[in-house]
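Along the sequence shown, residues carry numbers from 1. Just so you know, ligand 1 is whichever comes first in the structure, and atom 1 is the first atom listed for that ligand. Keep in mind that this is a model prediction, so the values were computed, not measured.
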Amino acid sequence: MADSFGFAEARKRMVEQQLVRRGIKDERVLQAMCEVPRHRFVPPNMWAMAYQDHPLPIGLGQTISQPYIVAYMTEQLELEPHDRVLEIGTGSGYQAAILSRLARRVYTIERLPELSERARLVLEELGYDNIEFRVGDGSQGWPEEAPFDAIIVTAAAPEPPPPLIKQLADGAHLVIPIGPTGYQDLMRITRHGPHLRTEYLTPVAFVPLIGLHGYAEPDENS
Ligand code: SAM
């Protein structure tokens with residue numbers, strides 16, 4: 001049914017105009033962005049906007065990131081088909097879907113049970129069956145499944161959470177926005193044995209990572 005609305009065409013245009021023109025080169029990333037039906041991860045009243053060049057609200061004060069940012073962060077992970085990747089901030093499940101096309105197994109953690117459940121249902125419906133879900137504080141990682149070949153955090157932290165650094169395999173990248181609400185630096189931290197290499201990538205704007213190694217939960221009365 002989807003394509004009677006021209007979604008496949010919209011995806012192709014999104015990849016060409018928003019990703020390729022801005023420098024995304026990894027063919028596997030472009031292919032995944034072309035395949036995954038992004039509209040299924042936003043509320044039906046927003047399907048028509050799903051392929052536009054901006055983030056969209058997904059409820060509970062959270063967002064699905066702009067397509068370019070999803071592609072860019074994914075490219076920076078340098079995933080190989082046999083990799084096991086950890087995502088913090090399942091949100092709509094869209095980023096997890098993209099990762100699941102590029103890696104062997106995806107482990108994704110979301111602190112809001114309602115979002116995790118919604119994402120799980122959509123991903124199951126789409127037949128993406130290499131994704132494990134957990135509800136909880138992702139700033140503490142998923143120690144039972146560590147080490148990971150890549151870790152992506154899709155919410156902004158005050159500093160790189162030490163448990164996530166610890167859970168990086170040798171040679172693995174952690175891609176994470178660091179900074180206060182409204183404006184952050186996207187950083188890439190790579191483990192080389194006992195050493196870490198830190199690269200600054202680009203400015204971004206993400207919702208906060210709420211948790212032990214993130215920000216405090218907002219006070220609902222303030
Ligand atoms: N990756 C998502 C997608 O593809 O739709 C977008 C994620 S949204 C920008 C950030 C998500 O991080 C929100 O759903 C939020 O509830 C979640 N989050 C915030 N703090 C968290 C934490 N400590 N652990 C897990 N998830 C967290």
* **Pair R22 + D53: basic N to acidic O under 4.0 Å** => yes

* When you check the gap from the basic side-chain N to the acidic O, do R84 and E145 get nearer than 4.0 Å? -> yes

* Would you check if the side chain of D83 reaches a backbone N or O of D149 as a donor-acceptor pair within less than 3.5 Å? => no

* Can you tell me if R134 uses its side chain to pair, donor with acceptor, with the backbone of R111 under 3.5 Å? -> no

* **Sole candidate of R28, E27, E35 that passes side chain to side chain contact (heavy atoms under 4.5 Å, CB included) when paired with Q31** => E35

Numbering as shown, the atoms of ligand 1 that approach [X] to under 4.0 Å (heavy-atom distance):
X    : result
E87  : 1 (N)
Q95  : 1 (N), 4 (O)
G136 : 24 (N), 25 (C)
I109 : 25 (C), 26 (N)
L112 : 16 (O)
L115 : 14 (O)
T90  : 1 (N), 2 (C), 3 (C), 5 (O)
V207 : 9 (C), 10 (C)

* Asked: Looking only at non-hydrogen atoms, which of R38, R134, R111, M73 approaches atom 25 (C) of ligand 1 most closely?
  -> R111

Of all the non-hydrogen atoms in the protein, which one sits nearest to [atom], and at what distance?
atom                    : answer
atom 24 (N) of ligand 1 : G138 N, 2.8 Å
atom 16 (O) of ligand 1 : E110 OE2, 2.6 Å
atom 8 (S) of ligand 1  : T63 O, 3.2 Å
atom 5 (O) of ligand 1  : S92 OG, 2.6 Å
atom 23 (N) of ligand 1 : I210 O, 2.7 Å
atom 15 (C) of ligand 1 : Q62 OE1, 3.3 Å
atom 10 (C) of ligand 1 : T154 O, 3.2 Å
atom 12 (O) of ligand 1 : G89 CA, 3.3 Å

* For K12, which residues count as a salt bridge (charged side-chain N to carboxylate O under 4.0 Å, His left out) partner, sequence neighbours excluded? -> E9

* To do: Taking salt bridge (charged side-chain N to carboxylate O under 4.0 Å, His left out) as the test, write out the residues that go with R21, two or more places apart.
  => none

* Got a second to check how far L86's CG is from I109's CD1, nearest 0.5 Å? -> 5.0 Å

* Do we get R13 above Y51's six-membered ring, with its NZ or CZ under 6.0 Å from the centre and within 45° of the axis? -> no

* Can you find a pair of side-chain heavy atoms, one from E110 and one from V135, that are under 4.5 Å apart? -> no

* To do: State, yes or no, whether a side-chain contact exists between P177 and M187 at a heavy-atom distance under 4.5 Å.
  => no

* To do: Assess whether atom NE2 of H82 is packed by more than 12 heavy atoms of other residues, nucleotides or ligands within 6.0 Å.
  => yes

* To do: With heavy atoms under 4.0 Å as the rule, classify the contact between A96 and ligand 1 as side chain, backbone, both or neither.
  => neither

* Is A97 near ligand 1, meaning one of its heavy atoms is under 4.0 Å from it? -> no

